[in-house]
Amino acid sequence: MSEPILSNSDIDDALTGLPEWTLDGKQISRTVELPTFPAAIEFVSRVADAAESADHHPDIDIRWRKLTFTLSTHSAGGLTKKDVHLAHQIDALLPDD
Ligand SMILES: C[C@H](O)[C@H](O)[C@H]1CNC2=NC(N)=NC(=O)C2=N1
């Protein structure tokens, strides 16, 4: 049973709590830069643990120490609350500046 897709107004509401995330069609994404390549890979590993626990997985683009996380629910063909939840988890896992 797939998650229901969020309405446009649900997406707008969710994005007010996720100011670093950008809506692009049916997905949201955030780019972060870590201090070093090993730190970036370690962060990817922490996100991977959260993704496995949630059984929900981001697309991840790795370019040296810059990471782009893209979230959508493939089985639903768009954004669901699972994406909003994982976006908050990724934000919470980020080390402080
Ligand atoms: C069976 C399992 O729940 C699904 O294959 C999950 C795994 N992770 C997933 N991740 C994402 N982003 N979208 C999905 O539809 C999805 N499906």
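Start at 1 and go down the list; that is how both ligands and their atoms are numbered. Computed from a predicted model, the values in this text were never measured in an experiment.
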Should Leu79 and Ile28 be marked as a side-chain contact (heavy atoms from CB on, under 4.5 Å) after you check the CA-CA gap, both sets of side-chain angles, and the distance that decides it?
-> CA-CA 8 Å; Leu79 287 167; Ile28 55 172; 3.8 Å; yes
Evaluation steps, side-chain contact (heavy atoms from CB on, under 4.5 Å), between Leu94 and Glu20 = CA-CA 12 Å; Leu94 266 176; Glu20 306 295 334; over 6 Å; no
Give the C-alpha distance, both sets of side-chain angles, the deciding distance and a yes or no for side-chain contact (heavy atoms from CB on, under 4.5 Å) between Val32 and Ile90.
-> CA-CA 10 Å; Val32 299; Ile90 291 171; 5.9 Å; no
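In summary, of the residues considered (Leu86, Thr70, Leu67), a side-chain contact (heavy atoms from CB on, under 4.5 Å) with Pro58 occurs for Leu86 alone.
Note that CG of Asn8 is 11.0 Å distant from CG of Asp13, once rounded to the nearest 0.5 Å.
Residues lining ligand 1 at a heavy-atom distance below 4.0 Å are given as Asp55, His56, His57, Ser72, Thr73, His74, Ser75, ordered by chain and residue number.
Donor-acceptor pairing under 3.5 Å is lacking for the side chains of Thr22 and Ser29.
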